[in-house]
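Below is one structure; the comments refer to it alone.
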Amino acid sequence: MDIRRVQMTGGSSYVLTLPKDWVTSLNIRKNDPVGVMIQADGDLMITGNLTGDLPPRTRVVNIEQGMDSQMLFRILVGIYIAGYNIIEIRSKDRIQGTLRRTIRAFSDQVIGLEPVEEEETVIILRDLFNPLDMPLETSFRRMYAVTTGMLTDSAEGLKSGDLARIQDVEFRDRDVDRLFWLISRQTSMILQSPRNAERMKTTISEVLHYLQTGRIVERVADHAVLISRSVGMIGSGAIAEEVRFMISRAMSEADKLFEQSVSAFFSHDMKKANRVLGSASPLEQSLHQINQDILALPTDSVMIARKITDSIRRIGEYSGDIAERVIDFGVVPDADSDSSSA
């Protein structure tokens, strides 16, 4: 930390000199304006960026011989989440068709990045969408809406045996992933520059709250996919109608807990969150009884049914995790208050 002393000029104005290296790096000259912002914690932030435009951040990915397409995809996702708005994928030789399809699939799955240049040995992706223009709540609500739809269709497919209800559950999981990646990207950008939080009309603590809760919703969506896959494996008559109904009812209970926990998240209602935590025991008892009843089924059916009940249990536990986050976030005092009520 560079410590500088405050000086007084004119008898009423306080003056602080700026680091020369910083001034030179931004090409700031005499009489040029700079922005001064007071942060919530009392810190002072000085910036030479008065427009708020995002500076270009470029990351180059060098494709090595024999690079696996899944590895390339994961690297690109990591770069996207880190907040880079230009990604250059380069290779000494011609980029193979499988890797080109991977790059194209990546750009299709994330929000904003589009290919702007493509040659034999280089592909450049540029962000044509400013992530800071998308409110966190909008992304989160969309994540939640898609996830609840996935849970509903999985439950109805199990209850009615209508496999058409589960056909696109796994496909919709991609929408949940891309929205969570966007929230992760926004979080990275805010942590890199607190000014971005001001632009989004949020705080660092709030964006971390959305990020951590969004991760839980993303995992609930993953379990909706696991349930849909298991439902698709259940043959006609493989599970007795009574047991099928019991599992469907347990799914409804878990879905209700999930809805209540997210409702508490949006309303910051600690009492509602506490009720969610108190409702976990009945669901656990229902699942225990189901696991006892399915033991009489053929081995293959027992394994499939157990996978479903395990996912239902995890959804209930994740709902409790969201409720706990609501309470934890609610007891943190804001800038104007040191008290909280329950």
Original post:
Between Tyr210 and Phe265, does the ring centroid distance fall short of 6.0 Å?
Top reply: yes

**OP:** Report yes or no: is the cationic atom of Arg142 (NZ for Lys, CZ for Arg) under 6.0 Å from the centre of the six-membered ring of Tyr144, at an angle within 45° of the ring normal?
**Re:** no

**OP:** Identify the two heavy atoms, one from Ala197 and one from Ile190, that lie closest to each other, and give their separation to 0.1 Å.
**Re:** CB-CG2, 3.7 Å

**OP:** Decide, yes or no, whether a salt bridge links Arg100 with Glu118 under the criterion of side-chain N to carboxylate O below 4.0 Å.
**Re:** yes

Original post:
Rounded to the nearest 0.5 Å, how far does CE of Met251 lie from CZ of Phe258?
Top reply: 11.5 Å

Original post:
Are Val116 and Ile123 joined in one hydrophobic group, where the rule is that I, L, V, M, F, W and Y side chains link up if heavy atoms are under 4.5 Å apart?
Top reply: no

Original post:
Less than 4.5 Å apart, any side-chain heavy atom of Ile86 and any of Leu125?
Top reply: no

Original post:
Does the Ser91 side chain pair with the main chain of Arg94, one donor and one acceptor, at a distance under 3.5 Å?
Top reply: no

Original post:
Are side-chain heavy atoms of Ser319 and Gln260 found at a separation under 4.5 Å?
Top reply: no

I'd like a table of donor-acceptor pairs (distance under 3.5 Å, sequence neighbours excluded) in which one partner is a side-chain atom from residues 165-181, with atom names and distances.
from	atom 1	to	atom 2	distance (Å)
Arg165	NE	Asp153	OD1	3.2
Arg165	NH2	Asp153	OD1	2.8
Asp168	OD1	Arg172	NH2	3.1
Glu170	OE1	Arg229	NE	3.4
Glu170	OE2	Arg229	NH2	2.6
Arg172	NH1	Asp153	OD2	3.3
Arg172	NH2	Asp153	OD2	2.6
Arg178	NE	Gln109	O	2.9

Original post:
Should we say atom CZ of Arg314 is surrounded by more than 12 heavy atoms from elsewhere, each under 6.0 Å from it?
Top reply: yes

Subject >> Lys/Arg-Asp/Glu bridge criterion (N-O < 4.0 Å) met for Arg313, Glu284 >> reply: yes

Original post:
Is a salt bridge present between Asp2 and Arg4, judged by a nitrogen-to-oxygen distance below 4.0 Å?
Top reply: yes

Original post:
To the nearest 0.5 Å, how far apart are CD in Glu88 and CG in Asn62?
Top reply: 10.0 Å

Original post:
Can you check side chain to side chain contact (heavy atoms under 4.5 Å, CB included) on Tyr14 and Thr9, steps first, answer last?
Top reply: CA-CA 6 Å; Tyr14 294 93; Thr9 180; over 6 Å; no

Subject >> Check: Leu151 and Ile315 side chains under 4.5 Å, non-hydrogen atoms >> reply: yes

**OP:** For the residue pair Met8 and Val15, establish whether any side-chain heavy-atom pair is separated by less than 4.5 Å.
**Re:** no

Subject >> Minimum side-chain heavy-atom gap Arg90-Val60 below 4.5 Å >> reply: yes

Subject >> Sidechain N-carboxylate O distance under 4.0 Å for Arg306, Asp310 >> reply: yes

**OP:** Find out whether the Lys NZ or Arg CZ of Arg141 is both under 6.0 angstrom from the six-membered ring centre of Phe266 and within 45° of the ring's axis.
**Re:** yes

Subject >> Side-chain heavy atoms of His288 within contact of Leu283, under 4.5 Å >> reply: no

**OP:** Find out whether Val146 and Met150 are in side-chain contact, i.e. whether some heavy atom of one side chain is under 4.5 Å from a heavy atom of the other.
**Re:** yes

**OP:** Using only heavy-atom distances, determine whether the side chains of Ser263 and Lys272 contain a donor-acceptor pair under 3.5 Å.
**Re:** yes

**OP:** Decide, yes or no, whether a salt bridge links Arg215 with Glu218 under the criterion of side-chain N to carboxylate O below 4.0 Å.
**Re:** yes

**OP:** In sequence, state the C-alpha distance, the side-chain angles, and the governing distance for Asp293 and Gln289, and then conclude on side-chain hydrogen bond (donor to acceptor under 3.5 Å, both in side chains).
**Re:** CA-CA 6 Å; Asp293 293 340; Gln289 184 60 51; 3.1 Å; yes

